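Every value quoted in this text rests on a predicted model; they were computed, and no experiment measured them.
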Amino acid sequence: MLPSELLRRLDLGLEGDLPHLEEALTHPSFSNEQRGGRRVDNQRLEFLGDAVLGLCVTELLMERFPGAREGELSMMRSALVNTDALAAWARGIELGAALRVGRGAEVAGERDQTNVLADAAEALVAALYLDRGFESARALSRKIVASPLAQLASGSMLGRDAKSELQERVQARGAASPRYRLMGTEGPDHDRAFLVAVEVDGRVIGTGRGRSKKLAEQAAARAALVACAAPEPRAASDERAPGEAPEGALEGRGAPPASGVASDQSVNDQGPNR
């Protein structure tokens, strides 16, 4: 696929030359096979693109989820811009067909490898940043995460099932399986929301809210995973024995409130898009 066709598929309204585009589409295997001249590949651009993409997605999450906490935002960003997610987007626009790869890499099928595609996606973001400025890089970044972000905003779990992940983590620590308890409902019949708490050994470790019991349970599991991943610092006056969990964490104090990502309703658009 020609670079011009790739730009058409990106639908960013780009015109004129993009000096860094060829570099962004050049795999190291191609440059290594060239004799003489300046050998360039997309690895330096990938390094820059990783930072630019991370900034753009962080900015997007901050405006879309104003009630989310730091640990929660970090988990969402990781879900949106990890290697698999970037490669999935790259396959969707057939980015691999536009890459310049070496003969050996072509035979080995590296053009469609997950890490190769993810690197190329980040390099492409960097190319737009350098040649067209931050606004173009931001526009591309938002296109890259549009599909998984829509899943997140609808209350769907990104990647692995949250309840399964929580159960494995809890059981690995020798505790009983998590139990989900319906705390109540709110709202009219046509817009009913369910409130669910997830408990381990009788203690609440996360709460969630959703348009169905299933979605509320997933939200509660996500909240518990965030709480487990972000323990609170120990205070100077804390006299707990080493290794003992903070009481607040056991009661779910570290979990996001119902107004955060734990709610599938609260993750709808909550701020103006740029």
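- Within the 4.5 Å cutoff, the side chain of Thr207 has no heavy atoms near those of the Val198 side chain.
- Screening Leu18, Thr26, Leu25 for a side chain to side chain contact (heavy atoms under 4.5 Å, CB included) involving Glu22 leaves a single residue, Thr26.
- Taking the side chain as every heavy atom from C-beta outward, His27 and Leu99 never approach each other to under 4.5 Å.
- The pair Arg142-Glu135 does not meet the salt-bridge criterion, since no charged nitrogen lies less than 4.0 angstrom from a carboxylate oxygen.
- Side-chain contact between Val204 and Arg181: present, with at least one pair of heavy atoms (C-beta onward) separated by less than 4.5 Å.
- A salt bridge does not link Glu23 with Arg44: none of the charged nitrogens is closer than 4.0 Å to a carboxylate oxygen.
- Heavy-atom minimum distance, Gly187 versus Arg192: O-NE, 3.2 Å.
- Side-chain contact between Glu122 and Leu53: present, with at least one pair of heavy atoms (C-beta onward) separated by less than 4.5 Å.
- Of all heavy-atom pairs spanning Leu45 and Ala24, the tightest one is CD1-N, 3.6 Å.
- Contact of the Leu195 side chain with the Leu182 side chain is not registered, since no non-hydrogen atoms from C-beta on lie closer than 4.5 Å.
- Of all heavy-atom pairs between Ala137 and Val125, the closest is CB-O, 3.9 Å.
- For Phe47, the CZ atom is loosely surrounded, since the number of other residues' heavy atoms within 6.0 Å does not exceed 12.
- For Asp112, the salt bridge (Lys or Arg N to Asp or Glu O under 4.0 Å) partners two or more places apart in sequence, or in a different chain, are Arg91.
- Side-chain contact of Ser177 with Gln171: a donor-acceptor pair under 3.5 Å is present, judged by distance alone.
- Because its NZ or CZ atom is both nearer than 6.0 Å to the ring centre of Tyr180 and within 45° of the ring axis, Lys163 counts as a cation-pi partner of that residue.
- When side chains are defined from C-beta on, Phe30 does not count as touching Asp41, because their heavy atoms never get closer than 4.5 Å.
- No side-chain heavy atom of Glu199 sits under 4.5 Å from any side-chain heavy atom of Pro178.
- Here Ser141 pairs with nothing under the side chain to side chain donor-acceptor pair (under 3.5 Å) rule; sequence neighbours left out.
- Checked against side chain to side chain contact (heavy atoms under 4.5 Å, CB included), Leu73 has the following partners two or more places apart in sequence or in another chain: Leu61, Met62, Ala68, Met76.
- Asp131 is not listed as a side-chain neighbour of Leu21, based on a closest heavy-atom distance of 4.5 Å or more.
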